[in-house]
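Everything numeric in this text was worked out from a predicted model, so none of it was measured. Convention: sequence-line order gives letters A, B, ...; per-chain numbering from 1. We use all heavy atoms of the structure for the numbers below, so side chains are in, but hydrogens, waters and symmetry mates are not.
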2 protein chains.
Amino acid sequence: MILLIGQLQDRTRHFGGLHRGIRGISQRMVTLTLRQLERDGLLTHTVHPNFPPRVDYELTPFGSTLLDTMVALGEWTTTHRQEINNSRHCYDATRSPRTQP
Amino acid sequence: MILLIGQLQDRTRHFGGLHRGIRGISQRMVTLTLRQLERDGLLTHTVHPNFPPRVDYELTPFGSTLLDTMVALGEWTTTHRQEINNSRHCYDATRSPRTQP
DNA sequence: CGGTATCCGCCGGGATACTG
DNA sequence: CAGTATCCCGGCGGATACCG
């Protein structure tokens, strides 16, 4: 969800692009999450009745008020992921090996 | 979890205080979440072997790097909760009534 | 007080198949 | 392409009981 908002931060996007933009997520979850965000009034969902069907998703002004925070959050995780992983390995190393009596 | 970090933003806290500070959460979840945050290196878990047992939880410097973002996130949700609820009612009102043929 | 252990119901979310 | 509809399983998290 953070990722979805991240993908919409600057421009309007189509469904396929959003789906492809996030690794390891099912189509179902993309739809579901988009619906929730739409319900919360964070983004708009515009259907173009042409063919092939094109659907645009865009952040509302209200949605944009979350952008700064979400982007910051996303950046924090990417910058510190390694540090967190280290900490986890460390933590696990001191506790799990106590499996032997 | 956001709430837990929020509670630790300025000062060291004890288990009971943290538990009482969050409505509708089980003791188990508090412990579990604290363990995860500790594992990630975001906070420290100090046991004082006195009686009655007192256990201190405090954010690490690393944990503090998340503070700004998390606080911002918390503030955003509290400030906009009402607006979101409105949007939801609106959204639901236009769709659910279509239960009748 | 500050946990750990166990049981268990619920639903988040993937896989798959089908519509417009 | 952009969904909706089902099936189904893993694990999140509450309730409860017991330890140091």
Side-chain angles (χ1 to χ4, degrees), chain A residues 1-8 11-40 42-60 73 77 84 88 91-92 94-101, chain B residues 1-8 11-40 42-59 77 84 88 91-92 94-101:
Chain A
M1 192 211 89
I2 299 172
L3 301 175
L4 267 183
I5 293 183
Q7 299 234 343
L8 285 165
R11 67 190 190 283
T12 297
R13 308 271 326 235
H14 309 288
F15 185 90
L18 290 170
H19 188 193
R20 263 173 271 109
I22 302 180
R23 286 258 314 167
I25 192 178
S26 62
Q27 182 189 20
R28 184 175 165 279
M29 270 322 289
V30 177
T31 316
L32 233 96
T33 309
L34 286 171
R35 285 295 166 282
Q36 298 195 105
L37 293 173
E38 184 192 357
R39 190 169 98 106
D40 290 354
L42 297 176
L43 52 80
T44 59
H45 167 235
T46 319
V47 181
H48 303 280
N50 310 325
F51 199 89
R54 279 259 154 174
V55 182
D56 289 339
Y57 291 96
E58 187 175 15
L59 284 183
T60 62
L73 191 55
T77 53
I84 289 182
R88 287 184 180 174
Y91 185 94
D92 295 347
T94 58
R95 319 240 162 173
S96 345
R98 293 283 167 269
T99 314
Q100 49 106 307
Chain B
M1 190 211 89
I2 298 171
L3 302 176
L4 267 183
I5 294 184
Q7 298 235 344
L8 285 164
R11 66 189 191 283
T12 297
R13 310 270 327 235
H14 308 288
F15 186 89
L18 291 170
H19 188 193
R20 262 173 273 110
I22 302 180
R23 286 259 315 167
I25 192 177
S26 62
Q27 182 189 20
R28 183 175 166 278
M29 271 321 290
V30 178
T31 317
L32 233 95
T33 310
L34 286 171
R35 286 295 166 281
Q36 297 194 108
L37 293 173
E38 185 192 356
R39 190 169 97 107
D40 290 354
L42 297 177
L43 53 78
T44 59
H45 167 237
T46 318
V47 181
H48 303 281
N50 310 324
F51 199 89
R54 279 259 155 175
V55 182
D56 289 338
Y57 291 94
E58 188 176 15
L59 284 183
T77 53
I84 289 183
R88 288 184 181 175
Y91 185 94
D92 295 346
T94 58
R95 318 244 162 170
S96 343
R98 291 284 167 266
T99 315
Q100 50 103 314

Closest approach of A:V30 and A:L4, non-hydrogen atoms and distance?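 Closest pair (atom of A:V30, atom of A:L4, distance): O-CD1, 4.3 Å.
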First of A:R20 and B:Q36 reached from the 5' end of DNA chain D, by closest nucleotide: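 First, find each residue's nearest nucleotide; the 5'-ward one identifies A:R20.
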Please check: side-chain N/O of B:H19 versus main-chain N/O of B:I25, any donor-acceptor pairing under 3.5 Å?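 Here the side-chain-to-backbone pair exists.
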Closer than 3.5 angstrom, by distance alone: can the side chain of A:T60 be matched with the main-chain N or O of A:L42 as a donor-acceptor pair?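 Checked: pair present.
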Side chain of [X]: nearest nucleotide among [options]?
X     : options              : value
A:I25 : C:dA5, C:dG14, D:dA2 : C:dG14
A:M29 : D:dT4, C:dG13, C:dG3 : C:dG13
B:F15 : C:dG2, D:dG3, D:dG13 : C:dG2
A:S26 : D:dG3, C:dT4, C:dG14 : C:dG14

Round to the nearest Å and state the distance from [X] atom [atom1] to [N] atom [atom2].
X     : N      : atom1 : atom2 : value
A:I22 : C:dG14 : CD1   : C1'   : 15 Å
B:H48 : D:dG20 : NE2   : C1'   : 17 Å
B:R28 : C:dT4  : CZ    : P     : 11 Å
A:L3  : C:dG13 : CG    : C1'   : 15 Å
A:R13 : D:dA2  : CZ    : C1'   : 15 Å
B:Q27 : D:dC18 : CD    : C1'   : 12 Å
A:R54 : D:dG3  : CZ    : P     : 12 Å
B:L34 : C:dG3  : CG    : C1'   : 11 Å

Any base atoms under 4.0 Å from B:H45, or only sugar-phosphate, or nothing? Heavy atoms, all strands.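 If one applies the 4.0 Å heavy-atom cut-off, B:H45 turns out to touch the sugar-phosphate alone, with no base involved.
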Using a 4.0 Å heavy-atom cut-off across all strands, classify A:H19 as base, sugar-phosphate, or nothing.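 If one applies the 4.0 Å heavy-atom cut-off, A:H19 turns out to touch nothing in the nucleic acid.
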Before we go on, tell me: are the rings of A:H14 and A:Y57 under 6.0 Å apart, centre to centre?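 Here the rings of A:Y57 and A:H14 have centres that are no less than 6.0 Å from each other.
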Which angle, to the nearest 10 degrees, lies between the helix axes at the two ends of the helix from C:dC1-D:dG20 to C:dG20-D:dC1, each defined by five pairs?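 The helix from C:dC1-D:dG20 to C:dG20-D:dC1 shows an end-to-end axis angle of 40°.
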Stepwise side-chain contact (heavy atoms from CB on, under 4.5 Å) test for B:E58 and B:H45: CA-CA 7 Å; B:E58 188 176 15; B:H45 167 237; over 6 Å; no
When you check the phosphate oxygens OP1 and OP2 of C:dG3, does a side-chain N or O of B:R35 lie under 4.0 Å from one of them?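 Answer yes for this pair, as a side-chain N or O of B:R35 is under 4.0 Å from OP1 or OP2.
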For A:L43, the option from A:E38, A:R13, A:Q36 that meets side chain to side chain contact (heavy atoms under 4.5 Å, CB included):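 With A:L43 as partner, side chain to side chain contact (heavy atoms under 4.5 Å, CB included) holds for just one option, A:E38.
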Can you tell me if A:R35 has over 12 outside heavy atoms packed within less than 6.0 Å of its CZ?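 Yes, because the 6.0 Å sphere around CZ of A:R35 holds more than 12 heavy atoms from other groups.
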Of A:P53 and A:L32, the one whose closest DNA chain C nucleotide lies more 5':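 Here A:L32 is the residue nearer the 5' end.
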